[in-house]
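A note on names: the letters A, B, ... follow the listed sequences, proteins ahead of strands, and every chain is numbered from 1.
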Number of protein chains: 2
Amino acid sequence: MKLQKELRLKQPLASVNHEALLSLVRTSSLMQKLSDRFFSLFGLTDVQFNILMILKEHRTEGLSQQKLSEHLIVTKSNVVGLIDRLERSGYVTREAHPSDRRFNQIVLTRKGEKLEARIENRYFKEVDKMMNVLATSEKKAVIRAMERIRDYIGNNGA
Amino acid sequence: MKLQKELRLKQPLASVNHEALLSLVRTSSLMQKLSDRFFSLFGLTDVQFNILMILKEHRTEGLSQQKLSEHLIVTKSNVVGLIDRLERSGYVTREAHPSDRRFNQIVLTRKGEKLEARIENRYFKEVDKMMNVLATSEKKAVIRAMERIRDYIGNNGA
DNA sequence: AGACGACAGTTTATATATGAACTATCTCTA
DNA sequence: TAGAGATAGTTCATATATAAACTGTCGTCT
């Protein structure tokens, strides 16, 4: 749908720049709402599934909350609550670091591993279905464009 | 920066589809963080400025909270708190609808109008600076690609 | 050895967001 | 016209997110 209609704007957007920006933000927001609905089928949120995937990728070394916050690109104070909820649900545990008592090592439980495995394939299938509305060349163009925007932001006070 | 490095992934992303999706979500998230930092210079959040712009566009007819929630594409329960905070800051007021007491008409105060006017130009300048890292043809390609993705989502249970 | 600084995690206050249940008001229809 | 259903807004429980202030632990440096 055209953005103008979707955002109920009275007039067309004055600048291509603003239109491109709103397109991105609006589309990303819709994608996240869709993924949240998908993961709610399994009693998870999108963020929680993301954490399970990250923990799976690092299951050999383990991850501290600090490192996890760097992977998620959120603050460490946010991670406290995220892990609280996943722990309450039984998907992860906080384990003591063998030599440094400042660290919590966050570890997937068997239950967490099983849930992640059960969801993963279905998730990637949904991703493929959505993104295949674009040709490969278009996807690559989007990836390059996004990278340039992020580089701008990174050099301007992110 | 390459997404793989930014997200601290051990291996390159297996599929272009997933990479394109994460590119979008990650870039949009960074853009929102940047805009939040910009608006905090004026004591606002990005969402609050967006509301002031929408109210300005509709200052002749006025907007109910319900209509506002449709413009913002959020739930009406969310709008309650957003307007509470803007009202507490003195930028908007809730006024009684002349004939239907169920409605709150949300109206910009003089103070809200002035603040919006003071920020607007500077905001669009920042938008231009960021988006001009892309050529016009690239922006248009992004706009079209985002539209196709939103159309997919709209037809698949959004 | 003791002090200081760095680092990990927590807490608190605040903002945004949803869905479900509720109140008040309005409208339509039997 | 009385009751039923629709509509607008609020409240509550929950999840995500930040910044700032705090605690506990570790290392380093004198």
Side-chain angles (χ1 to χ4, degrees), chain A residues 25-26 28-40 43-51 62-89 91-106 158, chain B residues 25-26 28-51 62-89 91-106 158:
Chain A
V25 172
R26 172 70 189 132
S28 169
S29 158
L30 275 178
M31 291 192 316
Q32 296 210 47
K33 281 179 189 177
L34 185 64
S35 84
D36 236 13
R37 255 205 316 289
F38 171 76
F39 290 117
S40 75
L44 287 182
T45 64
D46 56 347
V47 175
Q48 289 173 347
F49 178 70
N50 194 20
I51 293 175
L63 271 188
S64 67
Q65 289 181 203
Q66 181 65 45
K67 280 271 180 294
L68 194 51
S69 81
E70 288 160 17
H71 279 82
L72 293 165
I73 322 188
V74 300
T75 59
K76 60 186 178 166
S77 47
N78 192 4
V79 171
V80 175
L82 297 171
I83 298 303
D84 281 350
R85 287 183 287 274
L86 283 171
E87 201 172 28
R88 205 191 308 145
S89 303
Y91 298 130
V92 309
T93 54
R94 286 171 160 102
E95 298 188 357
H97 188 283
S99 62
D100 191 331
R101 295 200 299 188
R102 288 174 300 182
F103 290 82
N104 293 336
Q105 292 296 110
I106 309 302
Chain B
V25 172
R26 172 71 189 132
S28 169
S29 158
L30 275 179
M31 292 194 314
Q32 296 210 46
K33 281 179 190 177
L34 184 64
S35 83
D36 237 12
R37 254 204 319 287
F38 171 76
F39 290 118
S40 74
L41 300 175
F42 307 95
L44 287 182
T45 65
D46 57 346
V47 176
Q48 289 174 347
F49 178 70
N50 194 19
I51 293 175
L63 271 187
S64 68
Q65 289 181 204
Q66 181 64 46
K67 281 269 179 294
L68 194 51
S69 82
E70 288 161 17
H71 278 83
L72 294 165
I73 321 188
V74 300
T75 59
K76 60 187 177 161
S77 48
N78 193 3
V79 172
V80 175
L82 297 172
I83 297 303
D84 281 350
R85 288 183 287 274
L86 283 172
E87 202 171 27
R88 205 190 308 143
S89 304
Y91 298 131
V92 309
T93 54
R94 287 173 159 101
E95 298 188 359
H97 188 283
S99 62
D100 191 330
R101 295 199 300 186
R102 288 175 301 183
F103 289 82
N104 293 336
Q105 292 293 111
I106 309 302

Among D:dT10, D:dT25, C:dA15, the nucleotide that comes nearest once only the side chain of A:R102 is considered | D:dT25
Just compare D:dG9, C:dT16, D:dA17 and give me whichever is closest to any side-chain atom of B:Q48.
-> C:dT16
Return the minimal non-hydrogen interatomic distance between B:S35 and B:D46, and the atom names on each side.
-> OG-CB, 3.4 Å
Between D:dG9, C:dA8, C:dC26, spot the one nearest the side chain of B:S64, thanks.
-> D:dG9
Taking all heavy atoms of A:L63 and all of A:H71, pick out the closest pair and write down the distance.
-> CD2-CE1, 4.1 Å
Residue whose closest nucleotide on DNA chain D lies nearer the 5' end, A:R88 versus B:D100 = B:D100
Compare the minimum distances between each of D:dT25, D:dT16, C:dG9 and the side chain of A:V47, then state the nucleotide with the smallest one.
-> D:dT16
Of all the heavy-atom pairs spanning A:V80 and A:R94, show the shortest one and how long it is.
-> O-NH2, 3.3 Å
Mapping B:G81 and B:K76 to their closest nucleotides on DNA chain C, which lands nearer the 5' end?
-> B:G81
Which part of the nucleic acid, if any, lies within contact of B:S69, taking any heavy atom under 4.0 Å across all strands shown: a base, the sugar-phosphate backbone alone, or nothing?
-> nothing
Look at the side-chain N and O atoms of A:Q66 and state whether any lies under 4.0 Å from the OP1 or OP2 oxygen of C:dA8.
-> yes
Which part of the nucleic acid does A:N78 contact within heavy-atom distance under 4.0 Å: base, sugar-phosphate only, or nothing?
-> base
Between B:V79 and B:S69, what is the shortest heavy-atom contact and its length?
-> CG2-CB, 3.5 Å
Donor-acceptor pair under 3.5 Å: do we get one between B:S77's side chain and the base of C:dG19?
-> yes
Here the distance between atom C1' of D:dA17 and atom CZ of A:R85, to the nearest Å, is 10 Å
To the nearest angstrom, the CG-P distance between B:D46 and D:dT18 comes to 13 Å
To the side chain of A:T75, which of D:dT16, D:dT18, C:dA8 is closest?
-> D:dT18
Starting from P on C:dG9, measure out to CD on A:E95 and report it in whole angstrom.
-> 14 Å
Toward the 5' end of DNA chain D, which comes first, A:V74 or A:R101, by nearest nucleotide?
-> A:V74
Rounded interatomic separation in angstrom, taking NZ from B:K33 and P from D:dT16 = 15 Å
Calculate the interatomic distance between B:E70 atom CD and C:dA17 atom P; express it in whole Å.
-> 16 Å
Look at the side-chain N and O atoms of B:R37 and state whether any lies under 4.0 Å from the OP1 or OP2 oxygen of D:dA19.
-> no
Atom-to-atom span, CD of A:Q32 to P of C:dT18 - whole angstrom | 12 Å
In Å, rounded to the nearest 0.5 Å, how long is the span from OG1 of A:T93 to CD of A:Q105?
-> 10.5 Å
Looking at A:V25 and B:S28, what are the two nearest heavy atoms and their distance?
-> CA-OG, 3.6 Å
Rounded to whole angstrom units, what separation is found between the CG atom of A:L86 and the C1' atom of D:dT16?
-> 12 Å
Rounded distance (Å) that lies between atom P of C:dA15 and atom CD of B:E87 = 14 Å
